[in-house]
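Encoded as structure tokens, the structure appears first; notes follow it.
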2 protein chains.
Amino acid sequence: MMEHDIFRALADPTRRTIFEKLAAGSMNASALRQGMDISQPAMSQHLAVLRAARLVREQKEGRFVNYEVDPDGLALIAQWLAKYRAYWPARIDALKLLLKDMDQ
Amino acid sequence: MMEHDIFRALADPTRRTIFEKLAAGSMNASALRQGMDISQPAMSQHLAVLRAARLVREQKEGRFVNYEVDPDGLALIAQWLAKYRAYWPARIDALKLLLKDMDQ
DNA sequence: ACGACACATAAGCACATACTTATGCGATTC
DNA sequence: GAATCGCATAAGTATGTGCTTATGTGTCGT
């Protein structure tokens, strides 16, 4: 199940941090480790989970692997969220901000 | 951390099923168990996790406890998602559907 | 008042998961 | 072509998680 992979991937705080770093700009696995106190295999395993969830995608460049945010995963979350639109609060500031952003 | 509780809560397929059932209409814990092959304590524990994540809220009615979707949790997910709007694909069908839904 | 009911909580157990160290595999450098 | 580098994978281990079987707490019916 796709949404299962996504929510399971995002359930780990380390993986959310990795995703946020990639959202700020794509980079390779070694660069991602900077300032994170995480071993190389651990990073590799986390990236594999994020990749399986389609939250992240890889782009091989020689012996480096550049990682970037995969829009597909975010779209799937948006799709999941849309199912419950009937319950979205009408006046919460966060939602108003979201609507404004989406309205472009 | 709020978003941690939310993603961790949604990482479990049984809890997502419970949430979906509640989205279709609020009901008490016993009613939720119908057709789910889950013990009473297990249901109670799942509901406690969903409650802690603000995805669900309770409304005590005598010896029954009516559960319903809590819009706060959904708003927090929307807020999290909004942070990455720069990566939302412009032309993916799912997003177009979402936009249409949100536009009411 | 007593039992039945709806639900929560406690404790224990089986399994999943996130880490570690060790090793493998290509691509690059010398 | 040998060593090094960037990354993936394997295997083992400690902790987390979801379940179970009691048991507790408050409410209702009789």
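Here is how names work: the chains are called A, B, and so on, in the same order as the sequence lines, proteins then strands, and each is numbered from 1.
- Rounded to an integer number of Å, the gap from CD1 of A/I18 to P of C/dA18 is 11 Å.
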Item checked: Reading 5' to 3' through nucleotides 25-30 of chain C, protein heavy-atom contacts under 4.0 Å coded B for base, S for sugar-phosphate only, - for none -> --SS--
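- Rounded to whole Å, the distance from CD on B/Q34 to C1' on C/dA6 is 13 Å.
- In this structure, CD1 in A/I38 is found 4.5 Å from CE in A/M43, a value given to the nearest 0.5 Å.
- With rounding to the nearest 0.5 Å, the separation of CG in A/L50 from OG1 in A/T14 is 10.5 Å.
- By the 4.5 Å heavy-atom criterion applied to side chains, A/E3 and A/Q79 are not counted as neighbours.
- Counting heavy atoms from C-beta outward, B/L22 and B/M27 have side chains that approach closer than 4.5 Å.
- The nearest whole Å value for the distance from the OH atom in B/Y67 to the P atom in C/dC7 is 8 Å.
- For the segment residues 24-33 of chain B, the set of residues with a heavy atom within less than 4.0 Å of an atom of DNA chain C comprises B/N28, B/A29, B/S30, in numerical order.
- By the side-chain hydrogen bond (donor to acceptor under 3.5 Å, both in side chains) test, B/R15 is found to be paired with B/H46, residues two or more places apart in sequence or in another chain being considered.
- Atom CG in A/L55 sits 5.0 Å away from atom CG in A/L10 (nearest 0.5 Å).
- Atom CG of A/L76 is separated from atom CD1 of A/I6 by 4.5 Å, given to the nearest 0.5 angstrom.
- Rounded to whole angstrom, the span from the CG atom of B/L47 across to the P atom of C/dC7 amounts to 9 Å.
- Separation of atoms CG (A/D5) and CZ (A/R54) is listed at 10.5 Å; rounding is to 0.5 Å.
- Distance NZ (B/K60) to P (D/dG26): 10 Å, rounded to an integer number of Å.
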Check: If the sugar-phosphate is the primed atoms plus P, OP1 and OP2 and the base is the rest, what is the B/S/- string for nucleotides 12-22 of chain D, using protein heavy atoms under 4.0 Å?
Finding: -----SSBBBB
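- Taking A/F7 as the reference, A/W80 meet the ring pair (Phe, Tyr, Trp, His ring centres under 6.0 Å) condition, with sequence neighbours excluded.
- Contacts of B/R51 classified as salt bridge (Lys or Arg N to Asp or Glu O under 4.0 Å), with partners at least two apart in sequence or in another chain: B/E58.
- D/dT25 atom C1' lies 16 Å from atom CZ of B/F64, rounded to whole Å.
- Here CG of B/N28 is found 10.0 Å from CG of B/L47. Values are rounded to the nearest 0.5 Å.
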